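Notes for the one structure printed next.
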Amino acid sequence: MDMKEIEAKWQKKWEETGLYKFNKAKVDNKKYVLEMFSYPSGARLHAGHWFNYGPSDTYARFKRMQGYEVFQPMGFDAFGLPAENYAIKTGIHPQDSTLKNIATMEGQLKRIGATYDWDYEIKTCVPEYYKWTQWMFLQLYKHGLAYRKNAPVNWCPSCETVLANEQVIQGVCERCGTQVLRKDMTQWFFKITDYAEELLQDLDKLDWPEKTKMMQKNWIGKSIGGEVEFETTIGESFRVFTTRADTLFGVSYVVIAPEHPLVDKLTTPEQKAAVKKYIEDAAKIDEIERLSTNREKTGCFTGSYATNPVNGRQVPIYVADYVLASYGTGVVMGVAAHDDRDYIFAQKHNLSIERVIKSADGSPDELPFTDDGVLVNSGEFTGMTSAQARDAILTKLQEMNKGGFKTNYRLRDWLVSRQRYWGAPIPMVYCDKCGMVPVPEKDLPVHLPYNVEFKPSGESPLKKCDEFMNCTCPQCGGPAKRDPDTLDTFVCSSWYFLRYPDPKNDKEPFNSEWINKMLPVDKYIGGAEHACMHLLYARFFTKALRDMGYLKFDEPFLSLVHQGTILGPDGFKMSKSRGNVVSPDDSIQKYGADIFRVYLEFCFSYIEGGPWNESGLDAIQRFFDRIERLVTKCYEISYVDKPFGKDEKELNFVRNNTIKMVSQDLETFSFNTAVARLMEFVNGMMVYDQAVKEKSVLFKDCVEDLVKLLAPFAPHFAEELWEMLKKPYSVFNQSYPVFDPAALVRDEIEYAIQVNSKIRSRLVISKSASKEEIEEAAIKELGVDKASVKKVIVVPGRLVNVIM
RNA sequence: GCCGGAGUGGUGGAAUUGGCAGACACAAGGGACUUAAAAUCCCUCGCCCUCAAAAGCGUAUCGGUUCGAGUCCGAUCUCCGGCACCA
């Protein structure tokens, strides 16, 4: 069969007959199946795209044949850094390269033969889309969920530009090798932390992989503890967050983050030079390095002291880079006797180490002793357990107005400003008279200008574009400036699933009534690398829009599946620099889209992925050939209507077992085993074909079932086979086969017989045998003395274990 | 470093979630058909010992729980994803 010819033939027919057009009238029976959209950085689809989209389409077709009205859209996450970097290197405008790449990828996606309804396509870089991304920003602003504050960026002093983390290689700029510094800039943030608790709690509602939920849980990082207020020798006070208030009497020092605003004031004249040097050095080290637990804990004395509110003791204040300004209060207390890190720090800086906890059960408790225990040397709290003391001490602090109970989250607010060109402009205006003014919704979109110098030179590219920057103030009509930054592309992808069902709406981002019927997404499919960021941001947007009254659901993605990564043939992640990127184009040219898709489904575990190796393609080709021979034979021969004999019973068992297993496997995205089951079915039919001359009509039913079962996996091929069987178009309007439980019941079951957990024999016994009968038969089979048997374990349908 | 995964024949991968390890394939070897080749069909295929059978050993490493462990627990090693400006 010429696969390319039939692929073209059926794609044309599907298009002409509008087979996959989403029928809005059937929304009550919808399944919204969504794959994470493509990022058009490369010019062409690679093997990984196919691995995401091919099997997902098999799932979508399976659901369609089960009678659901499937909504499966496709689009492009088109803003982003790579297009801009490519432009800086080649001079090709990001818009031109992006739109060209999209056109190429659309063509390739159409060749997959997926059920995408292209009427619903979206591209985030067109004004019709980013107008609404800007609208989202304005809504968050109006509801107090967007604010500005200073935050550090990676700054290359030589290129005079802000660098993304990925552009900083071991602390230096990837372009020029200059040491990168952290520098503060005023930037926009979204207040995702307002939703920390709900984002954590609602994880329980989701049908997501446990590991993904665990990662989000740890990312949100809830910790229950308290705050303690310390007065300082300079008069200013600060608070520390701690989960170990029980150790408060043992505080030997406190540590403040180098970026903390109080550092300057706390530093005494004698210490000024040392602290300044320390802060400069800290600005060169990235956060991952700073938090590394096996790195030496450096620090520098500020010269000031803080007073412990519970015992009045004065302790030194240090600056140290292992404390981050962004977590907690940016100041921590050091309890040398009861924390590993603090113990090492105190030893190094000759600070006091005082025990305030001993083990509750008298077990050895050398310092540092980090477990809970019983308090000693702690005034009125001495003798309490750690848990009691935490409660009592925080209560006391509350009474003293020096702190109290506090829950902290590791989650930080989301920084959305980017000093880049290729993104959605931030719809804010700065007027000398009126200050910061949001762009009125009627004036959206704020167009991204085409003619801009986007080469790095000290400022956001848009800042150099006068026609963009200069505007009139929407409030007073006077001259004003626009915000020169663009939005993080994660903002675009945090709401795209809401736009898909209503992509041409030019009055609003989506029609609420309609979107509340179409969402949540029933099945979301994409890489595990998005576990913490994209998936958390999308959940935050959904909850925020719900609270604004636009949505009636709490979670965007009810069920989530991660596909694995297809690695290069060398076992490493595919990358241009490594030169191991595999293009699927040659394989598709040779074998066709269906064989390629089934190959991906069969030869990899969908969840795991693995290294590319195309030796399996020939195997799938042979599998298809065997099916074609079966179908050809099926409509050439005649059948007899006869009662089921042994061969028919066996064939019918395989048929129904296949239906059951394939359906189960598709629900769990176990495509490899589903294809294996189809192979077993084909093998079973071949055995029957050879064994039986006068074929039962069952054989014909089996062939028809096979074509239907195969259809989601190999859509063009199955459509062609369906036509060969002289059946009416289309196989996708058929119901997916349903298994008959009666056909799966076998009269006799084989048990493995173990003696002391080692297999010694086998036993075939009627399925209706009782537990006692099975025990009896097993002992008889072994020929052992019943008196020497200690115990018999029967696992129904599996094995018998006789303990002697 | 921290968080989350993974490690099973020569290879890709299965294993009803604590119950017969290696389904289904690939590769390899042998055979049938053929003048020959291709295609197709049949057989063998974890290791060790053996003519063969049986026994024994086997799921990264070491230890544990259990009648029974690839699966659970503890430790170790290696690899992968993420770590907030790649998306």
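To find a chain, count down the sequence lines: A is the first, B the second, and so on, and within it residues start at 1. This structure is a prediction, so every number in the text was calculated from the model and none was measured.
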Query raised in the report: Can A:Lys149 be said to sit on top of A:Phe189's aromatic six-ring, NZ or CZ under 6.0 Å from centre and within 45° of the ring axis?
Result: yes

Distance check, [atom1] atoms only: [N] and [M], in whole angstrom units.
N: B:rC67; M: B:rC80; atom1: P; result: 41 Å
N: B:rG29; M: B:rU35; atom1: C1'; result: 25 Å
N: B:rU11; M: B:rC86; atom1: C1'; result: 34 Å
N: B:rG22; M: B:rC47; atom1: C1'; result: 13 Å

Query raised in the report: Which of residues 621-632 of chain A have a heavy atom under 4.0 Å from RNA chain B?
Result: A:Arg622, A:Arg626, A:Arg629

Got a list of protein N/O to nucleotides 20-23 of chain B N/O distances below 3.5 Å?
| residue | atom | partner | partner atom | Å |
| --- | --- | --- | --- | --- |
| B:rC20 | OP2 | A:Arg798 | NH2 | 2.5 |
| B:rC20 | O2 | A:Arg762 | NH1 | 2.8 |
| B:rC20 | O2 | A:Arg762 | NH2 | 2.2 |
| B:rC20 | N3 | A:Arg762 | NH1 | 3.1 |
| B:rA23 | O2' | A:Glu680 | OE2 | 3.0 |

Requested in this report: Using a cut-off of 6.0 Å, state whether more than 12 heavy atoms not belonging to A:Lys191 lie near its atom NZ.
Outcome: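 No.
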
Requested in this report: Treat a base pair as Watson-Crick or G-U wobble with both distances under 3.5 Å, then lay out RNA chain B in dot-bracket form, 5' to 3', with | for cross-strand pairs.
Outcome: (((((((..(((......[....))).(((((.......))))).((........))..(((((..]....))))))))))))....

Query raised in the report: Can you say whether the rings of A:His534 and A:Phe490 are parallel (under 30°), tilted (30 to 60°) or perpendicular (over 60°)?
Result: parallel

**Report entry** From B:rC86, B:rA25, B:rA84, nucleotide with atom closest to A:Arg412 side chain
**Finding:**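 Of the options given, the side chain of A:Arg412 lies nearest B:rA84.
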
Report summary line: Separation of B:rC3 atom C1' from A:Met533 atom CE, nearest Å, is 14 Å

**Report entry** Contact under 4.0 Å: A:Thr489 side-chain N or O vs B:rA87 OP1/OP2
**Finding:** yes

